[in-house]
Amino acid sequence: MPLLLRRSALFSALLASLLTIPLVPARADARCSHLGRVHVPGAEHQVTACLDDLTTAGTVASGHTDAADWAGLHSASTRNPSGVPGIQIDGYFHDTSTSNPTHGWNHDAQFVIRLPERWNGGLVVAGAPGNRRQYANDFTISDWVLAKGYAYASTDKGNGGLEFYKDGRRPGDAILEWYQRMTQITVAARATVARHYGRPLRRTYAAGISNGGQLVRWALENHPELYDGGIDAEGTLWPPDDGPNALVYLPVALRNYPKYAATGDPEAHDAMLRAGFAPGSEFLWDFNYRAIWDGTQRRYREEVDPDYDGDLEAGIPFCQSGTPACDADYDYYARPRSVHQAVRRASLTGHIGKPLITVQGTLDALLPIKVHGDAYASLVRSEGMAWRHRYYRIEGASHLDIEYDMFPDRMRPLLPCMRTAFEALERWTARGGGQESPPPSATVPRQTSGDVANTCAIS
């Protein structure tokens, strides 16, 4: 689900995504002497560079990432590794949409692939969270796995930005393209990595946050042959059985939160809890109401139900209940069958074909854990796949780790738990014997001492 924030002084960085980034030309280097022979199968365009540091410590200055893509996803106290030399490939696959202006290409289906000089035989593939671009996981995932020796690849999912819903011919097409682009970058990156290093991959993992976590689940359900396992952090769930989803609970929030905020209205509060918001997350509701819920509801509703507001595109921002075609009054269950079919096309089943570890914060106020994480774990169990799944409910974490920076006395960040879970996945899927099963699924108590921003124990 999106990490879409309204324009404000605090969040202008997250929406400064229309900047173009000049790529610094590749430099001559003996260790990159075969730079010109690196080729991504299927790429319509690519630019290759030999870099002293593939992590954000180096790529921000060289123009090989964009910090606006990953703003807000990690705590300001997060420590990251650096000093990983290697090759970066930027490019795009064939596409007809133009919502990604990065590098002045104005072309969607952009990707980034990073090939560290010291390779451990593995590859990590990610898709952008929210409606961000291919660099969105650079600080949270890429830096960390590159330092462990993995090659890394990420996609912009083929459409993005605040008007992603304009892509495609049928309702739901934009989301379906995300799944196709995840498969496309995985296949292309696996071939690129094997050719570059001259030997087969030993392991491939899918990793993602939010909408990126949704892609991890879909990948392991639909193309498990491409992966050894996956890490899903707070992934979005569109259930297959017309169960509760974001278009059910967000209108409840938009309609009731103003009454709760103004007077403490107990009926409005109870309506929020019945919709799925966690008791104890109330202190996060104001931030989410002002910054996230409204844009999320309107844009995703436009993607699957464009007829609801007639000729309008993505409704009326912050309209009051009672306003014609107001998203605060949206009733998903009363909408035509075609709307439900569009949602079902994007749905997940829980039938995972490779090991998956899910982490989600119990205070998530954008994707409430009851509606998303808990419900997906139930789907996995119903499919008889619980033996391939571990689910860690992280007490005190929410959807954006910037929220931890706002309320450090009440919360913990999720990212350290995602990284701990990744290492558990490595041990779980180790080859040649020595596999170690992760701890059983559990609710992990909130850590209140030590280096909370950089450590997490899931056992």
- request: Only counting residues at least two apart or in another chain, list the ones meeting side chain to side chain contact (heavy atoms under 4.5 Å, CB included) with Q447.
  value: R412, V452, T455
Please determine whether a side-chain nitrogen of the Lys or Arg among [X] and [Y] lies less than 4.0 Å from a carboxylate oxygen of the Asp or Glu.
{"X": "R335", "Y": "D305", "result": "yes"}
{"X": "R345", "Y": "D173", "result": "yes"}
{"X": "D232", "Y": "R217", "result": "yes"}
{"X": "K354", "Y": "D228", "result": "no"}

Excluding sequence neighbours, so at least two apart, what forms salt bridge (Lys or Arg N to Asp or Glu O under 4.0 Å) with [X]?
{"X": "D138", "result": "R114"}
{"X": "E177", "result": "R181"}
{"X": "R79", "result": "D451"}
{"X": "D270", "result": "none"}

Does one side chain, of [X] or [Y], offer a donor that lies under 3.5 Å from an acceptor on the other?
{"X": "Y179", "Y": "Q184", "answer": "no"}
{"X": "D90", "Y": "Q88", "answer": "yes"}
{"X": "Q360", "Y": "E234", "answer": "no"}

field: Qualifying residue for side chain to side chain donor-acceptor pair (under 3.5 Å) with S99, from D108, N106, N159
entry: D108
Among all residues two or more places apart in sequence or in another chain, which pass the side chain to side chain donor-acceptor pair (under 3.5 Å) test with [X]?
{"X": "E383", "value": "H351"}
{"X": "Q46", "value": "T48"}
{"X": "Y165", "value": "none"}
{"X": "S154", "value": "none"}

field: All pairs passing salt bridge (Lys or Arg N to Asp or Glu O under 4.0 Å) where residues 156-167 contributes a residue, at least two apart
entry: E163-K166, K166-E313
So, do [X] and [Y] have ring centers that fall under 6.0 Å from each other?
{"X": "F318", "Y": "Y289", "result": "yes"}
{"X": "H372", "Y": "Y249", "result": "yes"}
{"X": "F277", "Y": "W293", "result": "yes"}
{"X": "H74", "Y": "W144", "result": "no"}
{"X": "Y332", "Y": "H340", "result": "yes"}

Assess [X] against [Y]: is NZ or CZ under 6.0 Å from the centre of the six-membered ring, and within 45 degrees of the ring's axis?
{"X": "R390", "Y": "W428", "value": "yes"}
{"X": "R299", "Y": "F164", "value": "no"}
{"X": "R301", "Y": "Y308", "value": "no"}

Ring pair (Phe, Tyr, Trp, His ring centres under 6.0 Å) partners of Y205, counting only residues at least two apart: F422
query: Sequence neighbours excluded, which residues qualify as ring pair (Phe, Tyr, Trp, His ring centres under 6.0 Å) partners of H107?
result: Y92
Residues Y392, T358; criterion side-chain contact (heavy atoms from CB on, under 4.5 Å); working and verdict: CA-CA 6 Å; Y392 303 113; T358 297; over 6 Å; no
task: Test side-chain contact (heavy atoms from CB on, under 4.5 Å) on H399 and L367 and set out the steps.
output: CA-CA 7 Å; H399 200 75; L367 303 182; 3.3 Å; yes
Does a sphere of radius 6.0 Å around [atom1] in [X] hold more than 12 heavy atoms from other residues, nucleotides or ligands, not counting ones at 6.0 Å or beyond?
{"X": "E267", "atom1": "CD", "value": "no"}
{"X": "D409", "atom1": "CG", "value": "yes"}
{"X": "E423", "atom1": "CD", "value": "yes"}

- prompt: Nearest heavy-atom pair of A57 and S82: which atoms, and what distance?
  reply: CB-CB, 3.6 Å
